[in-house]
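Residue numbers start from 1 in every chain, and the chains themselves are labelled A, B, ... in the order their sequence lines are given, proteins ahead of strands. The model shown is predicted, which means the values in this text are computed figures rather than measured ones.
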Amino acid sequence: MDNLVIARVFSEIGDLLELKGENPFKIRAYRTAADIVGQTGERVTDLTDAELRAIPGIGKTVATKIRELADTGQLAFLKELLEEFPPTILDLLRLQGVGPKTVARLYRELGIGSVDALESAAAEGRLRGLRGLGAKKEQLMLRAVAEYRRREGRFPMPDVQDIADALAEHLRGTDPDLQVTPVGSLRRGCETCGDADLLVAGTDLAVLERFTAYPGVDRVLGRGETKASVLLTSGLQADLRLVPPESVGAALQYFTGSKAHNIALRDRAVQRGLKLNEYGVYQLDTGERVAGATEPEVYAALALPFIPPELREGRGEIAAADTDALPHLVSRSDLRGDLHAHTTESDGRADLDAMAIAAREAGLEYLAITEHSKSLAMANGLDERRTLAHARRIREADARLDGITLLAGIECDILRDGALDLAEDCLAELDIVVASVHSAFSQEEREMTDRLLRAVESPVVDVIGHPTGRLLRRRDPYRVNIEELIGAAAAHGVALEINSQVDRLDLCDAHARLARDRGVPVVINSDAHATNAFELLRWGIVVARRAWLEPEHVLNTRSVAALRAGLRCNRN
DNA sequence: GCCGTTTTCGGCCCGACTGTTTTCAGTCG
């Protein structure tokens, strides 16, 4: 059973327990378990009880429930909870400004158990009879219902980055020195963001007004002395925090999260007789302030080195920091080449020379040209004859152009049965072969996994491209046993790709970390189809950093000579 | 429900804003 399915079960249990007014710490335990399971790269159903129990936050009860889900495919506890409420009631919790207490009362006192029922009741003015609910709240709920219907959930992180950049530009206005920093899930580099959080250092309340007056604002959700929230016309919520300069470090830390990281950090503070909040670090007994102006200072007050935001997910980063074992994360400047790009020979929009020059201008030392293969007719894929002719042209261009090394490659389709789309003797002529799935996405897991394993076992395949095939918000990953794939890649010395296209980001962070842990080399590729696409590498880097990858784990941080030596080196 | 270099019981992160309150409950991050 997929980890995300199990995570959803625990998350629903948390919501339902909250509606029942259960012990908040029990609720938190289930939500923590949901986070942990969702962020684990390997299937938790494959772990032994002892391995499960060894994960902090997973205890006896949760481990037993994971086992029950693995064995029976369902969970009696969740079923019992769902008998107490209509299944549609959880939708009500997704409404802005509506929380568990309100939902529970709406259901108990008015029998409201769905968004539709709430909408009718609010429209008819039947809510204002309840204590604590007035006409204004009714209007807010109607608005929240409309927004809920319009919203498509979370936004891709690169889009949110653009929105945040534009907003920051607006806030700076005539003061280019104004310090505006994205925080929250955006700063941590999460692949999707539910909102855009910005932090401004200063004391001038005018910046809050500037924020709510931004032309892209649809409506103001709230505004006080230190914070304001707006809903943008794009449907994204944006939050601004204004903090005094002496507290910027503590505020950056606090608002970057994640929640799990912050809770652990505060716990550490309390253990050391300190209190940590968004204004600083204080002595518990005297209240004396000991840190807060900069983020490294805040971590130092807790006897920790600075922890990069991408690691702050409660996945062992504090323990690693405590023992001086934090990874030296890969960064964009470590990338020396790109191993996946297309030209007009298949479905790219720029020709060979233009792509080569653009790669050079993007600071790359080498670029592999990897067109589609013939079965992708829609993309003008190449057969063996065209592949070899194109390889000759690539090598000619390589000889002609200074400052960039071109590698002759292919993105070869993996056919339904796992065979490669081009003959092995043709592929063996090339410098690099990326193999990818582009068809028959609906195969069952066993069939799809065997298909990919066969490709990995081929002696001419160097890299598996976008290994799960997902398209964010459009297409789920195809059903592949990722652990088997990673195991096979490790055994055969085949690299797995982090594809930097904004709707792919595939491998995802959890899987890339698993690949690292199992000794599989990773490559970070643009999958460029145009000259500006090398910019996308920054998003692949974000995924890699969230996966704890260091330069040594990433093949295309090597020189071209070292890269060539590393390809197919484990084959016979 | 989880966890333990003081604990196997008794704790568990903290503050701002809103609406409906006249001192606060609920929600959010």
Side-chain angles (χ1 to χ4, degrees), chain A residues 10 13-14 17-19 21-36 52-66 77 92-106 127-141 143-144 183-188 193-199 208 212 220-231 237-243 247 250-251 253-282 284 302 314:
Chain A
F10 288 141
I13 289 174
L17 292 176
E18 197 164 35
L19 290 183
E22 265 279 8
N23 175 355
F25 299 103
K26 188 176 184 175
I27 296 163
R28 196 169 90 191
Y30 277 104
R31 293 194 170 144
T32 303
D35 285 345
I36 291 167
L52 278 175
R53 293 294 304 279
I55 301 173
I58 294 191
K60 193 173 159 202
T61 309
V62 168
T64 306
K65 287 184 163 59
I66 290 175
F77 184 51
L92 289 169
L93 290 171
R94 310 276 96 84
L95 299 175
Q96 167 84 36
V98 180
K101 297 282 181 7
T102 308
V103 171
R105 283 187 49 220
L106 288 171
L127 301 183
R128 63 190 71 173
L130 298 185
R131 216 166 62 83
L133 293 183
K136 188 152 186 181
K137 198 81 187 173
E138 273 177 350
Q139 291 312 306
L140 284 175
M141 285 190 184
R143 263 185 144 149
V183 286
S185 54
L186 181 55
R187 183 158 180 248
R188 298 200 309 280
C193 303
D195 55 22
D197 297 311
L198 294 173
L199 186 73
L208 291 166
T212 53
V220 178
L221 299 171
R223 188 173 100 192
E225 300 269 295
T226 64
K227 63 185 266 190
S229 293
V230 298
L231 191 65
Q237 180 175 326
D239 299 319
L240 179 77
R241 288 282 184 153
L242 180 64
V243 297
S247 293
Q253 193 291 310
Y254 178 80
F255 292 115
T256 297
S258 66
K259 186 165 261 195
H261 179 84
N262 284 2
I263 287 174
L265 219 51
R266 279 166 192 239
D267 190 44
R268 184 180 174 93
V270 171
Q271 282 170 17
R272 283 158 194 267
L274 300 166
K275 184 178 78 159
L276 170 63
N277 63 25
E278 60 260 57
Y279 299 110
V281 183
Y282 303 85
L284 262 184
L302 303 174

What's the gap between B:dT6 and B:dC2 when it is taken at their P atoms, as a whole Å value? 23 Å
Nearest non-hydrogen partners of A:R53 and A:A63, listed with the distance: CD-CB, 3.8 Å
Of the nucleotides B:dT27, B:dG19, B:dC14, which one has an atom closest to the side chain of A:P100? B:dT27
Hey, is the side chain of A:N262 poking within less than 4.0 Å of OP1 or OP2 on B:dC13, counting only N and O atoms? no
Value in whole Å for how far the C1' atom of B:dT27 lies from CG of A:L106: 14 Å
Identify which nucleotide among B:dC3, B:dC2, B:dC14 has an atom closest to any side-chain atom of A:P56, counting heavy atoms from C-beta outward. B:dC3
Grab the NZ-C1' distance between A:K227 and B:dT18 for me, whole Å please. 10 Å
By nearest heavy atom, map A:L133 and A:G97 onto DNA chain B; which one lands nearer the 5' end? A:L133
Gap in Å between the two P atoms, one belonging to B:dC12 and one to B:dT18, rounded: 29 Å
Shortest non-hydrogen pair, A:A33 vs A:F10, comes out as CB-CD1, 4.2 Å
Under 4.0 Å from OP1 or OP2 of B:dC2: is there any side-chain N or O of A:T32 that close? no
The side chain of A:R266 is closest to which nucleotide in this list: B:dC17, B:dG1, B:dC13? B:dC13
For A:K60 and B:dC3, what is the distance between atoms NZ and P respectively, to the nearest whole Å? 13 Å
Rounded to whole Å, CG of A:D267 lies from P of B:dT5 at a distance of 11 Å
P gap between B:dC3 and B:dC13, integer Å: 14 Å
Of B:dG26, B:dC17, B:dG1, the nucleotide closest to the side chain of A:N23 is B:dG1
Closest listed nucleotide, where the reference is the side chain of A:V62 and the choices are B:dG1, B:dA16, B:dC13: B:dG1
Between B:dT27 and B:dT20, how far apart are the two P atoms, rounded to whole Å? 13 Å
Residue pair A:A228 / A:R223: nearest heavy atoms and the distance that separates them: CB-CG, 3.9 Å
If every non-hydrogen atom of A:G99 is compared with every non-hydrogen atom of A:L93, which pair is closest and at what distance? C-CD2, 3.8 Å
Kindly point out which of B:dG1, B:dC14, B:dT27 is positioned nearest to the side chain of A:Y30? B:dG1
On DNA chain B, compare the nucleotides closest to A:G99 and A:K26; which residue's is nearer the 5' end? A:K26
Of the candidates B:dG1, B:dG26, B:dG29, the side chain of A:K101 sits closest to B:dG26
Distance check, P atoms only: B:dG26 and B:dT22, in whole angstrom units. 15 Å
Indicate whether OP1 or OP2 belonging to B:dA16 is found under 4.0 Å from a side-chain N or O atom of A:Y279. yes
In whole Å, I'd like the distance from the CZ atom of A:R268 to the P atom of B:dC3. 18 Å
Could you tell me the separation between the CG atom of A:D195 and the CG atom of A:L186, rounded to the nearest 0.5 Å? 9.5 Å
Quantified in whole Å, what is the C1' atom distance between nucleotide B:dG4 and nucleotide B:dT8? 8 Å
Return the value, rounded to whole Å, for the distance between atom CZ of A:R223 and atom P of B:dT18. 10 Å
Consider the side chain of A:R241, meaning its heavy atoms from C-beta on, and name the nucleotide among B:dC13, B:dG1, B:dA16 that approaches it most closely. B:dA16
Among B:dT20, B:dG29, B:dA16, the one nearest A:K136 by side-chain distance: B:dT20
Assess whether one donor atom and one acceptor atom, taken from the side chain of A:Y254 and the base of B:dG15, lie less than 3.5 Å apart. no
Suppose you measure atom P in B:dG15 against the same atom in B:dT5; what distance do you get, rounded to whole Å? 26 Å
Should A:E278 and A:K227 be marked as a salt bridge (Lys or Arg N to Asp or Glu O under 4.0 Å) after you check the CA-CA gap, both sets of side-chain angles, and the distance that decides it? CA-CA 13 Å; A:E278 60 260 57; A:K227 63 185 266 190; over 6 Å; no
Atom pair distance, as rounded to whole Å: CD1 in A:I27 and P in B:dG26: 13 Å
Can you tell me which nucleotide in B:dG29, B:dG1, B:dG26 comes closest to the side chain of A:T102? B:dG26
Of all the heavy-atom pairs spanning A:V270 and A:L284, show the shortest one and how long it is. O-CD1, 4.4 Å
From CE of A:M141 across to P of B:dG26 the rounded distance in Å is 12 Å
Using a cut-off of strictly less than 4.0 Å, decide whether A:Q237 has a side-chain nitrogen or oxygen near OP1 or OP2 of B:dG29. yes
Reckon A:K137 has a side-chain N or O less than 4.0 Å from the OP1 or OP2 of B:dT27? no
What does A:L265 touch in the nucleic acid at a heavy-atom separation under 4.0 angstrom: a base, only the sugar-phosphate, or nothing? nothing
Looking only at heavy atoms, the pair that brings A:S185 and A:G194 closest together is OG-N, 4.4 Å
Using Watson-Crick geometry (N1-N3 plus N6-O4 or O6-N4) or G-U wobble (N1-O2, O6-N3), each under 3.5 Å, B:dT8 is paired with none
